[in-house]
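Written below as structure tokens is the structure these notes are about.
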Amino acid sequence: MSDSPLAQTVAALQPRARTELAELVAFKSVADPAQFPKSECEAAANWIVDTLRADGFQDVALLDTPDGTQSVYGILPGPADAPTVLLYAHYDVQPPLDEAAWDSPPFELTERDGRWYGRGAADCKGGLIMHLTALRALKEHGGIPVNVKVIVEGSEEQGTGGLERYAEAHPELLTADAIVIGDTGNFRAGLPTVTATLRGMTLLRVQVDTLAGNLHSGQFGGAAPDALAALIRILDSLRAEDGSTTVTGLAADATWDGLQYPEDDFRQDAKVLDGVGLLGTGTVADRIWARPAVTVLGIDCPPVVGATPSVQAGARALVSLRVPPGTDAAEATKLLTAHLESAAPWGARVAVEQVGQGQAFRADTSSPAYTSMAAALRDAYDGEEMQTSGMGGSIPLCNTLARLYPDAEILLIGLSEPEARIHAVNESVCPRELERMSLATANFLRSYGS
């Protein structure tokens with residue numbers, strides 16, 4: 001990493017970054033009151049409000065968004081004639097899954113083997129700390145060279161669209177010349193990367209009913225239509241024999257022309273068990289960045305422990321479909337809904353409910369902001385050249401911002417390299433990545449301001 005005075009200041013700020021990340025990780029800010037109290041999200045939002053105000057931000061506000069959550073907004077004025085940069089992160093997190101499977105408490109930042117473990121450490125509470133560290137370092141070296149807006153979303157992980165709808169109703173709020181989304185990450189630790197594409201997504205809840213109530217499997221099994229078996233058949237129809245996604249009418253043969261993902265590296269990053277094959281055909285990059293992918297996120301049915309010998313009257317699943325750039329998420333939702341309904345065996349009743357949706361995104365990597373970011377990353381990563389990759393995940397706000405502000409340059413960076421294990425048990429952030437990406441953000445703001 002550069003040994004410039006700015007780099008030295010960023011390094012000196014790392015203990016503060018760790019302390020604040022620990023405070024933020026401690027909030028169980030899952031934006032689903034069915035899993036964690038809403039007060040946890042509210043407390044996290046208020047922590048951010050207090051922090052922004054202490055750092056000199058103006059017009060700091062809690063925005064009550066239409067999905068019932070809160071986003072945090074603030075402005076840090078720069079020179080009057082300077083461009084405006086919007087910095088984005090989100091404070092809500094995925095649920096911790098099986099807390100007993102974590103090697104340390106999920107909401108307690110824990111250092112282990114050179115990494116900091118905790119839910120949201122990389123995705124995306126660490127992204128907010130990255131932005132703040134960059135701004136604090138710049139203040140010590142001549143001040144902030146641009147006008148800065150910060151927006152910290154409260155429901156990104158749930159995909160419920162609150163901030164998108166708020167921005168559409170208040171289009172003047174997030175106007176900017178450049179937008180830095182701090183919610184992606186490097187292709188791998190130590191390799192500076194910007195994300196050029198995001199897959200969109202749709203999230204559906206499917207309910208299958210066949211009987212008025214559960215029945216004794218000995219007395220009725222063999223003739224009585226089993227709702228759980230029907231659901232399994234419906235879900236199985238979403239994949240071909242090779243495991244690739246097959247939603248009727250949805251194209252699934254696109255290819256990726258950029259940075260490739262060697263299969264051996266992917267198997268290692270994904271921790272695929274020995275002897276277990278990968279899904280689909282084509283390159284790994286084709287499969288995770290350029291093609292649709294269906295995932296069954298959960299099934300409501302009796303657990304094994306305590307199960308009774310019964311034919312199930314009803315069963316329910318949550319199904320996610322990631323869609324690549326060039327595919328309209330709303331159209332994909334219609335196709336997936338029709339597929340689920342038509343795949344029902346035995347006349348089973350199927351009800352499909354849309355839970356969330358977001359469009360895919362493709363960045364313009366030829367814009368001047370990318371030239372500034374390439375230089376900023378090169379300095380922070382000891383001469384390593386910036387790479388561009390895709391990301392299979394979704395950030396629904398990106399397309400909303402691109403539509404509202406067509407002249408804005410949108411860059412996607414962050415801390416979620418493969419070892420971070422975001423959304424999984426034992427999520428972590430690499431402190432070295434946090435330091436380097438904070439410096440890169442500071443370098444970018446300085447360069448873009450000039």
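Treat the numbers as computed from the prediction; the structure is a model and nothing was measured.
If you take OH on Tyr261 and CD1 on Ile288, they are separated by 6.0 Å, rounding to the nearest 0.5 Å. Interatomic distance, Thr248 OG1 to Leu335 CG, rounded to the nearest 0.5 Å: 8.5 Å. The line from CH2 of Trp289 to OG1 of Thr195 is 8.5 Å long, rounded to the nearest 0.5 Å. Note that CZ of Arg199 and CD of Gln359 are 15.0 Å apart. Values are rounded to the nearest 0.5 Å. Rounding to the nearest 0.5 Å places OH of Tyr370 at 11.0 Å from CG of Leu377. Note that OG of Ser71 and NE2 of His90 are 11.0 Å apart. Values are rounded to the nearest 0.5 Å.
None of Pro106, Pro105, Ser428 except one satisfies the side-chain contact (heavy atoms from CB on, under 4.5 Å) rule with Tyr117; the exception is Ser428.
Of the possible polar contacts, one joining the Asp328 side chain to the Glu331 backbone as a donor-acceptor pair under 3.5 Å is found. For the pair Thr160 (side chain) and Gln158 (backbone), a donor-acceptor distance under 3.5 Å is absent. Not a single donor-acceptor pair under 3.5 Å links the side chain of Arg205 to the backbone N or O of Val319.
Nearest heavy-atom pair, Thr65 versus Gln70, reported as atom, atom and distance to 0.1 Å: OG1-N, 4.2 Å. When all heavy atoms are compared, the tightest approach of Leu415 to Ala122 is O-CB, 3.9 Å.
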Quiz item: Are Phe36 and Phe107 close enough, and set up right, to give a ring pair (Phe, Tyr, Trp, His ring centres under 6.0 Å), and what steps lead you there?
Solution: CA-CA 12 Å; Phe36 289 92; Phe107 296 105; 5.8 Å; yes

Exercise. Begin with the C-alpha distance, continue with both residues' side-chain angles, and end with the deciding distance and a verdict on side chain to side chain contact (heavy atoms under 4.5 Å, CB included) for Val30 and Glu40.
Key: CA-CA 8 Å; Val30 177; Glu40 291 285 334; over 6 Å; no

Quiz item: So Glu164 and Glu153, side chain to side chain contact (heavy atoms under 4.5 Å, CB included) or not? Walk me through it.
Solution: CA-CA 10 Å; Glu164 293 101 279; Glu153 188 173 4; 3.6 Å; yes

Quiz item: Passes side chain to side chain contact (heavy atoms under 4.5 Å, CB included), Leu203 versus Gln357? Steps please.
Solution: CA-CA 6 Å; Leu203 191 61; Gln357 181 179 288; over 6 Å; no

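The shortest distance between side-chain heavy atoms of Ser29 and Lys125 falls below 4.5 Å. Looking at Asp177 and Tyr405, their side chains never come closer than 4.5 Å, going by heavy atoms from C-beta outward. Proximity of Leu340 to Leu238: side-chain heavy atoms (C-beta onward) are separated by under 4.5 Å at one or more points. You'll find the side chain of Leu135 reaches within 4.5 Å of the side chain of Val148, heavy atoms only. The shortest side-chain heavy-atom distance between Leu204 and Glu353 does not fall under the 4.5 Å cut-off. Side-chain contact check for Lys149 versus Ile179: every heavy-atom pair is 4.5 Å or farther apart. The closest side-chain heavy-atom distance from Asn147 to Ile75 is not below 4.5 Å. No side-chain heavy atom of Val425 sits under 4.5 Å from any side-chain heavy atom of Asp103.
The local environment of NZ in Lys139 is crowded, with over 12 non-hydrogen atoms from other residues, nucleotides or ligands closer than 6.0 Å.
Of the charged side-chain nitrogens involved, none lies within less than 4.0 Å of a carboxylate oxygen, so that Glu384 and Arg378 do not count as a salt-bridged pair. A salt bridge between Arg136 and Glu20 is present, with a side-chain N of the basic residue lying under 4.0 Å from a carboxylate O of the acidic one. The pair Asp269-Arg421 does not meet the salt-bridge criterion, since no charged nitrogen lies less than 4.0 angstrom from a carboxylate oxygen. Taking a cutoff of 4.0 Å between a charged side-chain nitrogen and a carboxylate oxygen, Glu417 and Arg188 do not qualify as a salt bridge. Of the charged side-chain nitrogens involved, none lies within less than 4.0 Å of a carboxylate oxygen, so that Arg291 and Asp253 do not count as a salt-bridged pair. Salt bridge Asp242/Arg287: absent, no basic N to carboxylate O contact under 4.0 Å.
Neither side chain, Asp265 nor Gln268, offers a donor N or O lying under 3.5 Å from an acceptor on the other. Side-chain polar atoms of Gln14 and Glu435 form no donor-acceptor pair below 3.5 angstrom. Judged purely by distance below 3.5 Å, without hydrogens or angles, the side chains of Ser155 and Asp67 pair a donor atom with an acceptor atom. Counted by atom type alone, Glu433 and Tyr381 present one or more donor-acceptor pairs between their side chains at under 3.5 Å. Remark: the Asp364 side chain and the Ser367 side chain contain no N/O donor-acceptor pair separated by less than 3.5 Å. For the residue pair Arg322 / Ser394, a side-chain donor-acceptor distance below 3.5 Å is found, with atom types taken as modelled.
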Listed pairs under 3.5 Å, donor-acceptor, residues 46-54 side chains, sequence neighbours left out:
unit_1 : atom_1 : unit_2 : atom_2 : d
Asn46  : ND2    : Glu42  : O      : 2.9
Trp47  : NE1    : Glu23  : OE1    : 2.9
Thr51  : OG1    : Trp47  : O      : 2.9

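In this structure Tyr448 satisfies the side chain to side chain donor-acceptor pair (under 3.5 Å) test together with Glu409, sequence neighbours excluded.
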